[in-house]
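Scroll down for the structure; my scribbles are underneath it.
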Amino acid sequence: MLTQSKYIRDILQEHNLLDCSLCATPIVPGTKMTIDEALYNFILAGDEAKALLNWKTSLGNKSQFLLSSWTGNSSPCNWTGIACDDNGSTQYFNLSHLGLTGTLEDLSFSSFPNLLTIDLSNNSLHGSIPPSIGNLSQLNLLDLSYNLLSGNLPSEIRNLAKVVDLWINDNQLSGSIPDELGMLISLHTLDFSGNNFTGPIPSVANLSSLSYINFGDNGISGSIPDDIGFLKAMELLDLHLNNLTGEIPASIGNFSRITDLFLFQNNLSGSIPEEVGFLRSLQVLDLSENILTGTIPASVGNMTSLTGLALYQNRLSGPIPSGLGELKSLVDIKLFMNELSGPLPQTMNNFTHLRTFLLSENRLTGHLPDDICVGGLLDYLTIEGNQFTGPIPKSFKNCGTLVRVRLEGNQLTGNISEALGIYPLLKYIDMSNNRLYGEVSSNWGQCFNLTTLKMANNSITGEIPGALGMASNIQYLDLSSNQLVGEIPKELQSLKLLFNLLLNDNNLSGSIPLEIGMLSVLANLNLAANNLSGPIPGQLGQCTKLLNLTLSMNGFSEAIPFEIGNLRSLQYLDLSQNLLVGEIPQQLGGLKNLETLNFSHNKLFGAIPSAFDSLLGLTIVDLSYNELEGAIPDIQPFRNAPFDALRNNRGLCGNATGLVACPSSPGVKLNRKRNKMLVIYIAVPILCSLLIVVVIIAMIFSHFRRLDKRTGDSEAKKENLFTIWSYDGKMVYGSIVEATETFDTKFCIGQGGHGSVYRAQLPTGQVVAVKKLHSQLEEDVANSKAFISEILALTEIRHRNIVKLHGFCAHNLHSFLVYELLEGGSLDYMLRNDELASAFNWEKRINVINDLANALSYMHHDCSPPIVHRDISSKNVLFDRQFVAHISDFGTARILKSDSSNWTSFAGTFGYAAPEFAYTLEVNEKCDVYSFGVLTLEIIMGKHPSDLITSFPSSHSSFPLCVSDQLVEESLDDRLSKPEDQMARTLVSIAKLAISCLHPNPHFRPTMQRISPELSSLS
C-alpha cells in the first residue's frame, strides 16, 4: 500500500499548496478520501507519534528498552503494543504485563481522539490518574489494574461516555468514589477492588447495563444503597472487606441473573433478608464475618443453583432450615462460629457434590447424617465444639477423599475400629474429647499424608499398632487419656517428623523403647500416668529439641541418666512418682532453659548438685519425698520454694521455708549501719526468715501503709523493709550497691519509664540486671505502686518470652528489682541500627512477633487473674544471646480483678498506647492488643508506623479492616532484600492481622488468644 504521508508530500511539493484550494479533490481518482481528510490523518498521526515518544522518554530506562521499537523513523502503527485503524490513527493501546515504570502524567490523552482501548495493566506505574483521561471520549475499555497508582479518581472520568469496561483494581487509589461514576450509562463491568477508597457507595441506579461490580478490599463505609437492586442485569456483586454497616437491602432479590454475591468481612447487621430466595441463578453466597443475627431464612432452599454458602463468623441462631438440604448442587457449606442450634436436617444426606462441610463452634445437637459423603467427594469436615451425639457417619468408612477432619469436643459414640477406613489424602484428624471406643486401627499406617492424629480423652482400648510407623509424615500423635495397653511400639522410630508424642494417662506397660532416641525433632514427650517400668533410657538425650519431658507416675527405676543433661532446650522436666534411685547427675546443671523441675516421690539420695546454681531460668522446683541431704542451691526457686516442695528428705538445709540453716551459712543478725540520714532495721524472725513471694508483697503493702500513717513519727520514717533472694537480704543489698558503686552511671545500661537499669556482677560471679526506681526526695506513692505492680505481675508470670525476676528490695535509699540480664539489647536499638537491622532477617522478625504474641496471650488468657502490661513498645522488648525476645518493664502492669475497678491513670508510651485509653482510662487486654499491632508493624517496617496509622480513618465505621497487598509490600523495611513468594504472602498476612489490632473500637480488635495461633500457623 502506498503510504499516505509520502503521497501527500509529493502533492504538496508539486502544487506548492498553501491555501489548500485542492483539498476537496480525491487523493486518488475514484476514491472517497479527499486530500483534506488525508492531511488531517497525516497531521493526527504525527501528533499521536509525538505524544507517545514524549511519554516514552518519561519512563524508566528499562521501560524505554522494552519500547525500543518506538522511534521517529517508523509509523506508530508498527510499534509494540499499538494498533491503528485503516486511516493510521491509534485505536488500540495494549502494554500490559511489560513491567513498565513511570507515571501517566506525561501521556497526552487528548492526542488520541479515536482511541478505543487502553490496557496498561500489570505494570509498575505510579502517581495519579490525570484528569485529562476524560478526553478519551470514544474509549470502550480502560484497564489500569495491578499498578501502583495513587491519589483520587478524577471526576473527569464522567466524560468517558462510551466506556463499557472500567478496571482500576489493585492500585493504591484513595478518597471517595466520585458520584460522577453514575453518569457512565454504557458501563458493563466496574472493578475498583484492592484500593483504599473510602466514603459511601455512589448511586449506580442509572447504570442499567451494569452486570459486574467489584468494590471489594477497600475502606468503603456507609450502607449498601437500596437502589442497587435496580440493576437487574447484575451478575456479580462483590463488596467484601470494607466497612459497610446497616442491613442487607431486600432489593437484592431483584438480581434475577446474579451468580456471585460477596458481602463478607464487613460490619453488616440485622437478619438475612428472605428475598435471597429469589436468587435462583445464584451460585455463590458469602456473607461471612459480619454481625448478622436472626435465623437462616427458609427461602435459601429456593436457590437451586447454589454451589457455595458461607455464613460463618456471624451471630446467627436457631436451626439449620431443612430446605438447605434440598440444594443438591452444594459443594461448600461454611456455617461455623455462629449460635446455630438443634439437629441437622435429614435432607443433608442429599449432598452428592459436597466437598466442604464446616459447622464447628455452634450449639448443634443430634446425629450426623449417615450419607454425608454419599457423593464420595467430601474433603473438609469440621464439626468440633458442638453437642453432636451418636456414631461417626457410616459413609466415612469409604470416604477416601477426606483431607481434614475435626470431630473433637462433642459427645460422639461408637466403635472407631468399624467406622473408619483408609484415607490416602488425609492430613489432619482430631477425634479427641468424645465417647468413642474400639481400637487404634493399623490402617492409619496407610494414611501416608497424615500429619496429625489426635484421639485423646476417649475410651479407646487395645495396643498401639506398630503399623503407625508407616505413616511417616505424622508430626503430632496424641492418644492420651484412653485405656491403651501393651508396650510402646519401637516402630515409632520411623516417624522422623514427629514433634509431639502424647501417650499419657493410659495403661501402657514395659519400658521406653531405645529407638525413641532417633526422633530428632521431638519437642514434647509425655508418657505420664502409665505402668511403664525399667530404666529411663539414656538415648532420650539424643532428642536434643525436647522442650517438655514428662515421665511421671510410672514405675521407672534405676538412676536418672546423665544424658538428660544434653537436652539444652528443655523447659519442663517431670520424673516424679517413680522408683528412681541414686544421685542427681551433675550434668543436669547444663539445662539452662529449664523452668520446671519435679523429681518428687522417688528414692533419690545424696546432695543436690552444685551445678544447679546455674539453673537461673528455673521457676518451679519440687524435690520432696526423696532421701536428699545437704545444702539447697543458692538460687531463688529453692529459696522461695514452699516447704511442701522440699519436705520429707533426709537432711536438706539452707535458706528456705521449713529448713534449718546449714552449718556454714551465716545466721540472721541484727545489724546497725551507720548512715547520716537513717538507721536500717531489719526484723525478720529466723524461724520465718523466708516467706513465699505473695506474703512478702503483702508485707510491702503493709509497710507503705504504715509509712503513710506515721508521717509525724521520725523513728517510723527510718523503718525499712527489704527482701532479696535470701533471708540475709542485707548482705545481697550491700553487694548490689557495691557492685554498681552506689548506682554509678557508668554501670547504667538503659532507662525505663519508672527507673534506670544497671549491670551488676555479684561476688558469686553471677551477672544480673538491676532496675532501680527513680529516687525522690520524699516517699513517692506513685513509684511505690509501680514497684509493687511490677512484683505482683512478675510473680504471677512464668514464660520463656517474659523477663525473669530474681528478687527485689524495698528500701528508703534504694528500691530496686533484680532480673536476669538480657545482653542482646532492645528491639528499639536493633531497628535503629542499620547494621543490626540488616541482619535481623524476615524469618527472625516473624519469630519475634510470634514469641511476643505467645507471651501476651499467656498473660491475658493463661494467668488468673489476667495481667495487662500497658506499655508494650520496642524499648520494652529485650533479647538474650540466643536472640529470644522477652517482654520487660512491668512497672505499669495491672492485674485485672473481676471484683474490683480496672480504671486507672494514663500509662504507656505515646505512639503505642491505645487511643481510647486517653479518655476512658479503663484497663483491659485490648490496650495491649493495640500496642502489639503497632509493634508488629514496626518490626516488619523497620520504623514506627506513625505515617501509616495516621492515614487510617479514626472513625469506627470507616476504619479499614485491610489494606492492599501492594501497600504492605511497599512499606516493608527496605534494608532487607525484598521477600518473595511464600515469605511475601506471610508478611502481608501478618501486617493485615496487625492492622486489625488497631481498630479504634476495642470491641472489634481480636484477642491475643486468637492472634497467637494465627501467627503460629503463618510461621
*asked:* Before you tell me yes or no, could you show the steps for T189 and D165 under side-chain hydrogen bond (donor to acceptor under 3.5 Å, both in side chains), namely the whole-Å CA-CA distance, both residues' side-chain angles and the distance that decides it to 0.1 Å?
replied: CA-CA 5 Å; T189 302; D165 299 303; 2.9 Å; yes
State the [atom1]-[atom2] distance between [X] and [Y], to the nearest 0.5 angstrom.
X: L207; Y: I228; atom1: CG; atom2: CD1; answer: 10.0 Å
X: L120; Y: L98; atom1: CG; atom2: CG; answer: 9.5 Å
X: L142; Y: L160; atom1: CG; atom2: CG; answer: 6.5 Å
X: D217; Y: S193; atom1: CG; atom2: OG; answer: 7.0 Å
X: I177; Y: N152; atom1: CD1; atom2: CG; answer: 11.5 Å
X: F109; Y: S137; atom1: CZ; atom2: OG; answer: 13.5 Å

Enclosure of [X] [atom1] (heavy-atom neighbours >12, cutoff 6.0 Å):
X: I185; atom1: CD1; value: no
X: Q982; atom1: CD; value: yes
X: E843; atom1: CD; value: no
X: K844; atom1: NZ; value: yes
X: R257; atom1: CZ; value: no

Suppose we call two aromatic rings close when their centres sit under 6.0 Å apart. Are [X] and [Y] close by that rule?
X: F197; Y: F215; answer: no
X: Y930; Y: H999; answer: no
X: H240; Y: F262; answer: no
X: W167; Y: Y212; answer: yes

*Check step by step if side-chain contact (heavy atoms from CB on, under 4.5 Å) holds for L231 and I213.*
CA-CA 10 Å; L231 306 178; I213 296 180; 3.8 Å; yes
Any donor and acceptor pair, going by atom type alone, linking the side chain of [X] with main-chain N or O of [Y] inside 3.5 Å?
X: S176; Y: P178; answer: no
X: N195; Y: L173; answer: yes
X: N218; Y: N242; answer: no
X: N206; Y: V204; answer: no
X: K232; Y: S208; answer: no
X: D170; Y: Y146; answer: no
X: S75; Y: N78; answer: no
X: H944; Y: E938; answer: no
X: S69; Y: T80; answer: yes
X: N171; Y: L144; answer: yes

Any side-chain heavy atom of [X] sitting closer than 4.5 Å to one from [Y]?
X: N214; Y: L190; answer: no
X: N159; Y: N135; answer: no
X: D179; Y: S203; answer: no
X: L244; Y: L239; answer: yes
X: L187; Y: S209; answer: no
X: L263; Y: I224; answer: yes
X: I258; Y: L237; answer: yes
X: L210; Y: H188; answer: no

_If you apply the rule side-chain contact (heavy atoms from CB on, under 4.5 Å), what do you find for M941 with S971, and how did you get there?_
CA-CA 6 Å; M941 292 172 62; S971 301; 4.2 Å; yes
*asked:* Run the side-chain contact (heavy atoms from CB on, under 4.5 Å) test on V164 and L141 for me, step by step, so that the C-alpha distance in whole Å, both residues' side-chain angles and the decisive distance to 0.1 Å come before the verdict.
replied: CA-CA 6 Å; V164 174; L141 181 147; over 6 Å; no
Can you give me the closest heavy-atom contact between [X] and [Y], atom names plus distance?
X: A991; Y: V968; value: CB-CG1, 3.5 Å
X: T117; Y: L139; value: N-CD1, 3.7 Å
X: G99; Y: S63; value: O-OG, 4.2 Å
X: D106; Y: S58; value: OD2-CB, 3.2 Å
X: N196; Y: Q172; value: ND2-O, 3.8 Å

_Before you tell me yes or no, could you show the steps for S96 and N94 under side-chain hydrogen bond (donor to acceptor under 3.5 Å, both in side chains), namely the whole-Å CA-CA distance, both residues' side-chain angles and the distance that decides it to 0.1 Å?_
CA-CA 6 Å; S96 64; N94 187 344; 3.1 Å; yes
*Check the side chains of Y912 and S874 for a donor-acceptor pair under 3.5 angstrom, ignoring hydrogens and angles.*
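On atom types as modelled, these side chains qualify, holding a pair under 3.5 Å.
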*Apply side-chain hydrogen bond (donor to acceptor under 3.5 Å, both in side chains) to E48 and S89, showing your working.*
CA-CA 8 Å; E48 290 176 347; S89 178; 3.0 Å; yes
_Please evaluate residues S281 and E235 with respect to the criterion side-chain hydrogen bond (donor to acceptor under 3.5 Å, both in side chains), reporting the C-alpha separation (whole Å), side-chain torsions for both, the decisive distance (0.1 Å), and the verdict._
CA-CA 9 Å; S281 299; E235 296 177 8; over 6 Å; no
*Does the cation-pi check pass for R845 over F840, that is, NZ or CZ under 6.0 Å from the six-membered ring centre and within 45° of its axis?*
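Yes, a cation-pi geometry holds between R845 and F840.
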_Step-by-step side-chain contact (heavy atoms from CB on, under 4.5 Å) determination, L59 to F65_ = CA-CA 10 Å; L59 301 177; F65 173 77; over 6 Å; no
*Ionic contact status for R832 with D828, cut-off 4.0 Å*: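 Looking at R832 together with D828, the answer is yes, because their closest N to O distance falls below 4.0 Å.
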